[in-house]
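See below for the structure under consideration.
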Amino acid sequence: MNPQASLEFEDPPVIERVSRRARRIRLHVRPDGGVVLTIPQRASRSAAYQFLEQNRAWIARQHAKRRTQSVPRVLRWDGSDRLPLRGRELVIEMIASSLRKPVARFDADAVRIHASPATKPERLRRALVDALREETAREAKILLDEESARLGISYREISIRDPRSRWGSCSADGRIMLSLRLLLAPAEVFRYVAIHELCHLRWRGHGPRFWGLVAQQMPEFETQRAWLRRHGDELQGLLASE
């Protein structure tokens with residue numbers, strides 16, 4: 001049993017292609033993140049998926065390379081910045097303040113950062129990330145409590161981090177980690193990731209029984225999964241400072 005199941009940024013679909021001409025099992029990572037598994041006609045499907053699992057690290061490196069090539073959205077801290085919050089673009093307003101430490105607040109119409117005009121960009125970024133972490137933790141607890149009750153299972157604790165390659169993970173003892181960038185995505189995407197990780201408490205791998213349980217909780221989960229594949233790199237490129 002895998003001690004920790006996780007939902008990576010790519011969470012890539014695997015496209016099977018059976019080929020009469022192929023002499024060996026092959027893998028190819030498409031520009032959209034999809035993984036093409038080419039299976040020779042005489043090879044077994046189980047052998048092909050064993051080959052896939054043995055090459056997970058290579059697949060992760062290909063996706064990491066693709067992410068590093070994406071252009072980050074640089075924050076200028078001049079009142080012109082925008083940040084998606086729950087999938088909705090909001091302006092980042094800079095409010096002049098005498099506070100010694102900058103404070104970020106999320107309002108319905110804007111993200112407001114109260115800080116001295118002399119505050120360095122990295123301190124402003126840290127204040128924004130800290131506020132995102134706090135708000136993500138609050139919403140994550142609501143989601144996990146509601147969905148775990150529906151599933152009839154219990155999780156142990158939540159941690160909110162900013163990983164480079166995962167949306168979330170779930171350890172065998174019920175510890176769930178979620179990315180603070182989920183607050184930037186639409187609410188249903190956040191909910192999908194929470195459900196995904198909770199379902200790992202019952203099924204560790206990504207087999208048919210696991211996906212069946214996810215679908216039971218969220219019949220339209222493929223839509224949210226596809227959103228992550230399309231926009232995950234964009235979220236990863238946010239929160240960069242000059």
Side-chain angles (χ1 to χ4, degrees), residues 7 9 67 70-149 155 157-164 166-168 176-198 218 220-221 223-228 230-242:
L7 175 55
F9 273 26
R67 285 196 302 276
S70 62
V71 179
R73 189 195 299 186
V74 175
L75 295 174
R76 301 183 183 279
W77 311 106
D78 60 0
S80 66
D81 297 319
R82 286 183 167 272
L83 189 73
L85 194 67
R86 302 175 183 90
R88 179 177 167 228
E89 288 273 337
L90 297 179
V91 67
I92 299 179
E93 290 187 5
M94 303 301 298
I95 311 296
S97 169
S98 59
L99 293 172
R100 294 181 61 184
K101 182 178 179 181
V103 174
R105 293 192 173 93
F106 303 123
D107 296 324
D109 60 338
V111 177
R112 293 185 170 88
I113 298 183
H114 301 256
S116 164
T119 304
K120 293 182 178 180
E122 183 52 35
R123 292 192 69 201
L124 296 172
R125 179 188 179 278
R126 195 177 308 129
L128 180 56
V129 170
D130 287 346
L132 277 171
R133 192 188 311 275
E134 183 178 339
E135 186 69 6
T136 303
R138 187 187 68 80
E139 295 203 8
K141 186 175 189 311
I142 293 171
L143 278 172
L144 292 173
D145 286 352
E146 289 179 349
E147 299 300 335
S148 62
Y155 66 93
E157 63 181 50
I158 312 167
S159 64
I160 305 299
R161 302 176 189 172
D162 191 14
R164 303 297 296 180
R166 291 180 294 173
W167 292 115
I176 292 177
M177 184 281 294
L178 295 172
S179 168
L180 61 82
R181 293 172 189 266
L182 288 169
L183 194 70
L184 309 178
E188 284 300 283
V189 172
F190 194 163
R191 178 172 169 253
Y192 158 63
V193 177
I195 289 171
H196 183 114
E197 298 308 333
L198 284 170
M218 188 180 212
E220 74 285 4
F221 81 90
T223 300
Q224 317 311 328
R225 190 181 182 208
W227 192 97
L228 284 176
R230 289 194 306 270
H231 301 287
D233 286 351
E234 296 173 29
L235 296 191
Q236 185 66 0
L238 297 173
L239 306 179
S241 291
E242 286 187 306

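Note that the numbering runs from 1 along the sequence shown for the chain.
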[X] versus [Y]: any side-chain heavy-atom pair under 4.5 Å?
{"X": "Arg161", "Y": "Ser159", "value": "yes"}
{"X": "Ile113", "Y": "Trp77", "value": "yes"}
{"X": "Pro163", "Y": "Met177", "value": "yes"}
{"X": "Leu124", "Y": "Met94", "value": "yes"}
{"X": "Leu132", "Y": "Leu239", "value": "yes"}
{"X": "Gln224", "Y": "Phe190", "value": "no"}

Backbone N/O of His114 and side chain of Ser97: donor-acceptor pair under 3.5 Å: no
Lys101: which residues meet the side chain to side chain donor-acceptor pair (under 3.5 Å) condition with it, sequence neighbours left out? none
Holding to side chain to side chain donor-acceptor pair (under 3.5 Å), I want the full list of residues that pass it with Ser80, two or more places apart in sequence or in another chain. Asp78
Look at the rings of Tyr192 and His196 and say which category their plane angle falls in: under 30° parallel, 30 to 60° tilted, over 60° perpendicular. perpendicular
Sole residue of Glu147, Glu146, Glu139 in side-chain hydrogen bond (donor to acceptor under 3.5 Å, both in side chains) with Arg191: Glu147
At their closest point, which heavy atom of [X] faces which heavy atom of [Y], and how far apart are they?
{"X": "Ile195", "Y": "Met218", "result": "CD1-CB, 3.9 Å"}
{"X": "Ile158", "Y": "Ile160", "result": "CG2-CD1, 3.9 Å"}
{"X": "Leu90", "Y": "Ala108", "result": "CD2-O, 3.8 Å"}
{"X": "Leu184", "Y": "Pro84", "result": "CD2-O, 2.9 Å"}
{"X": "Asp162", "Y": "Arg125", "result": "OD2-NH2, 4.4 Å"}

Test of understanding: with ring pair (Phe, Tyr, Trp, His ring centres under 6.0 Å), list the residues that count as partners of Phe106, not counting sequence neighbours. none
side-chain contact (heavy atoms from CB on, under 4.5 Å) partner of Val193, chosen from Leu182, Leu143, Ile176: Leu182
Run the salt-bridge test on Glu135 and Arg86 with the 4.0 Å N-O cut-off and return the result as yes or no. yes
